Amino acid sequence: MILIIGGAWQGKLDFAMELAEDKGIKKQVAEGKTDSFDAAANYPIIHDFHEYIKRILKDGTSVEDFISTLERDNPEVIIITNELGCGIVPMDFEDRMWREEAGRASVRIAKISKEVYRLVCGIATRIK
(Lines give C-alpha, C1' and ligand atoms only; values in the text may rest on other atoms or scores of the structure.)
Protein backbone atom coordinates (compact mmCIF):
# COMPACT_ATOMS: atom_id res chain seq x y z
CA MET A 1 0.00 0.00 0.00
CA ILE A 2 1.19 3.51 -0.86
CA LEU A 3 -0.42 6.71 0.47
CA ILE A 4 -0.16 10.06 -1.30
CA ILE A 5 -1.48 13.05 0.63
CA GLY A 6 -1.55 16.78 -0.05
CA GLY A 7 -3.78 19.75 -0.71
CA ALA A 8 -6.27 19.92 -3.55
CA TRP A 9 -4.84 20.32 -7.05
CA GLN A 10 -1.21 19.70 -6.07
CA GLY A 11 -0.47 17.00 -8.67
CA LYS A 12 -1.20 13.91 -6.59
CA LEU A 13 -2.90 11.95 -9.37
CA ASP A 14 -0.11 12.69 -11.86
CA PHE A 15 2.43 11.53 -9.30
CA ALA A 16 0.43 8.35 -8.64
CA MET A 17 0.37 7.63 -12.38
CA GLU A 18 4.16 8.05 -12.51
CA LEU A 19 4.59 5.72 -9.54
CA ALA A 20 2.30 3.16 -11.13
CA GLU A 21 4.26 3.31 -14.38
CA ASP A 22 7.59 2.96 -12.57
CA LYS A 23 6.30 -0.06 -10.62
CA GLY A 24 4.63 -1.67 -13.66
CA ILE A 25 1.16 -1.21 -12.15
CA LYS A 26 -1.92 -0.88 -14.35
CA LYS A 27 -3.28 2.69 -14.42
CA GLN A 28 -6.91 1.93 -13.49
CA VAL A 29 -8.33 4.54 -11.13
CA ALA A 30 -11.25 4.22 -8.70
CA GLU A 31 -12.77 7.66 -8.15
CA GLY A 32 -13.97 8.34 -4.60
CA LYS A 33 -16.92 10.50 -5.66
CA THR A 34 -18.41 8.12 -8.20
CA ASP A 35 -16.98 4.61 -8.29
CA SER A 36 -18.19 1.64 -6.27
CA PHE A 37 -16.53 0.37 -3.13
CA ASP A 38 -15.85 -2.80 -5.09
CA ALA A 39 -13.81 -0.74 -7.57
CA ALA A 40 -11.74 0.61 -4.67
CA ALA A 41 -11.10 -2.93 -3.48
CA ASN A 42 -9.91 -4.00 -6.94
CA TYR A 43 -8.38 -1.07 -8.84
CA PRO A 44 -4.66 -0.35 -8.38
CA ILE A 45 -5.19 3.39 -7.75
CA ILE A 46 -7.80 5.08 -5.54
CA HIS A 47 -8.25 8.80 -6.22
CA ASP A 48 -10.06 11.05 -3.72
CA PHE A 49 -10.07 8.47 -0.94
CA HIS A 50 -11.54 11.17 1.33
CA GLU A 51 -14.67 11.13 -0.85
CA TYR A 52 -15.12 7.42 -0.15
CA ILE A 53 -14.98 8.33 3.55
CA LYS A 54 -17.69 10.96 3.04
CA ARG A 55 -19.92 8.38 1.32
CA ILE A 56 -19.30 5.83 4.09
CA LEU A 57 -20.32 8.35 6.75
CA LYS A 58 -23.44 9.25 4.79
CA ASP A 59 -24.38 5.56 4.46
CA GLY A 60 -23.66 4.87 8.13
CA THR A 61 -21.27 2.03 7.36
CA SER A 62 -17.84 1.40 8.88
CA VAL A 63 -14.70 3.24 7.80
CA GLU A 64 -12.60 0.62 9.60
CA ASP A 65 -14.31 -2.20 7.67
CA PHE A 66 -13.57 -0.40 4.39
CA ILE A 67 -9.89 0.03 5.29
CA SER A 68 -9.66 -3.60 6.40
CA THR A 69 -11.16 -4.70 3.08
CA LEU A 70 -8.57 -2.65 1.19
CA GLU A 71 -5.77 -4.06 3.30
CA ARG A 72 -6.96 -7.63 2.70
CA ASP A 73 -8.13 -7.43 -0.95
CA ASN A 74 -5.95 -4.69 -2.43
CA PRO A 75 -2.68 -4.54 -0.44
CA GLU A 76 -0.63 -2.97 -3.28
CA VAL A 77 -3.08 -0.13 -3.93
CA ILE A 78 -1.92 3.48 -4.34
CA ILE A 79 -4.27 5.70 -2.31
CA ILE A 80 -4.58 9.42 -3.00
CA THR A 81 -6.30 11.67 -0.47
CA ASN A 82 -6.63 15.38 0.18
CA GLU A 83 -5.18 16.83 3.34
CA LEU A 84 -8.34 18.27 4.89
CA GLY A 85 -7.03 19.39 8.27
CA CYS A 86 -5.06 22.45 7.22
CA GLY A 87 -7.91 24.84 6.49
CA ILE A 88 -10.68 26.56 8.35
CA VAL A 89 -12.67 24.26 10.63
CA PRO A 90 -16.12 23.84 9.03
CA MET A 91 -19.14 25.17 10.93
CA ASP A 92 -21.32 22.29 9.73
CA PHE A 93 -21.22 19.28 12.07
CA GLU A 94 -21.28 16.70 9.25
CA ASP A 95 -18.38 18.42 7.49
CA ARG A 96 -16.37 18.45 10.74
CA MET A 97 -17.07 14.76 11.29
CA TRP A 98 -16.02 13.98 7.71
CA ARG A 99 -12.79 15.95 8.14
CA GLU A 100 -12.00 14.15 11.40
CA GLU A 101 -12.81 10.67 10.05
CA ALA A 102 -10.82 11.32 6.87
CA GLY A 103 -7.87 12.34 9.03
CA ARG A 104 -8.16 9.23 11.20
CA ALA A 105 -8.45 7.06 8.09
CA SER A 106 -5.32 8.67 6.64
CA VAL A 107 -3.43 7.92 9.86
CA ARG A 108 -4.56 4.28 9.71
CA ILE A 109 -3.60 3.98 6.03
CA ALA A 110 -0.22 5.63 6.69
CA LYS A 111 0.54 3.11 9.43
CA ILE A 112 -0.05 0.13 7.16
CA SER A 113 1.50 1.66 4.03
CA LYS A 114 5.02 0.77 2.98
CA GLU A 115 5.44 4.23 1.40
CA VAL A 116 3.85 7.60 2.22
CA TYR A 117 4.33 10.76 0.15
CA ARG A 118 3.23 14.36 0.71
CA LEU A 119 2.83 16.56 -2.33
CA VAL A 120 3.08 20.34 -2.42
CA CYS A 121 3.19 22.29 -5.71
CA GLY A 122 3.73 19.07 -7.64
CA ILE A 123 6.80 18.14 -5.60
CA ALA A 124 6.62 14.83 -3.75
CA THR A 125 8.44 14.26 -0.50
CA ARG A 126 8.66 10.71 0.80
CA ILE A 127 7.84 10.80 4.52
CA LYS A 128 7.79 7.03 5.08
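Computed from a predicted model, the values in this text were never measured in an experiment.
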**Prompt:** If Ile, Leu, Val, Met, Phe, Trp and Tyr residues are connected whenever their side-chain heavy atoms lie under 4.5 Å apart, and connections chain through other members, are I109 and I127 in the same group?
**Reply:**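 They do share one cluster, since a chain of ILVMFWY contacts under 4.5 Å joins I109 to I127.
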
**Message:** Under a 4.0 Å threshold between the charged nitrogen and the carboxylate oxygen, would E83 count as salt-bridged to R118?
**Reply:** yes

**Asked** Ion pair present between R96 and E100, side-chain N to carboxylate O less than 4.0 angstrom?
**Response** no

Report the distance from atom [atom1] of [X] to atom [atom2] of [Y], rounding to the nearest 0.5 Å.
X    : Y    : atom1 : atom2 : value
E31  : F49  : CD    : CZ    : 14.0 Å
L119 : T125 : CG    : OG1   : 7.5 Å
N82  : I5   : CG    : CD1   : 8.5 Å
K54  : E101 : NZ    : CD    : 14.0 Å
E18  : K27  : CD    : NZ    : 8.5 Å
M1   : I79  : CE    : CD1   : 4.5 Å

When you measure from the side chain of [X] to the backbone N and O of [Y], does any donor-acceptor pair fall under 3.5 Å?
X    : Y    : answer
K128 : K111 : yes
N74  : L70  : no
D48  : E51  : no
R126 : V116 : no

Nearest heavy atoms of [X] and [Y], plus distance in Å:
X    : Y   : value
I112 : E71 : CG2-OE2, 3.6 Å
S106 : L3  : O-CD2, 3.7 Å
H50  : W98 : O-NE1, 2.8 Å
Y52  : A30 : OH-CB, 3.5 Å
P44  : I25 : CB-CG2, 3.3 Å

**Derivation and outcome, salt bridge (Lys or Arg N to Asp or Glu O under 4.0 Å), residues E94 and R99** = CA-CA 9 Å; E94 285 82 19; R99 176 179 152 150; over 6 Å; no

Distance-only criterion, 3.5 Å: show the donor-acceptor pairs between side-chain atoms of residues 61-68 and protein atoms not counting sequence neighbours.
{"unit_1": "S62", "atom_1": "OG", "unit_2": "E64", "atom_2": "N", "d": "3.3"}
{"unit_1": "S62", "atom_1": "OG", "unit_2": "D65", "atom_2": "N", "d": "3.0"}
{"unit_1": "E64", "atom_1": "OE1", "unit_2": "R108", "atom_2": "NE", "d": "3.4"}
{"unit_1": "E64", "atom_1": "OE2", "unit_2": "R108", "atom_2": "NE", "d": "2.9"}
{"unit_1": "E64", "atom_1": "OE2", "unit_2": "R108", "atom_2": "NH2", "d": "3.0"}
{"unit_1": "S68", "atom_1": "OG", "unit_2": "E64", "atom_2": "O", "d": "3.0"}

**Asked** Taking C-beta and beyond as the side chain, do S113 and I2 meet within less than 4.5 Å on heavy atoms?
**Response**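 Of all side-chain heavy-atom pairs linking I2 with S113, none is under 4.5 Å.
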
**Request:** State, yes or no, whether a side-chain contact exists between F37 and T69 at a heavy-atom distance under 4.5 Å.
**Result:** no

**Prompt:** Run the side-chain contact (heavy atoms from CB on, under 4.5 Å) check on M17 and V29 step by step: do they pass?
**Reply:** CA-CA 9 Å; M17 293 296 200; V29 179; 3.5 Å; yes

**Prompt:** When I4 is tested against each of I45, I46, I78 for side chain to side chain contact (heavy atoms under 4.5 Å, CB included), which residue passes?
**Reply:** I78

**Prompt:** In this structure, are over 12 heavy atoms from other groups packed under 6.0 Å from E21 atom CD?
**Reply:** no

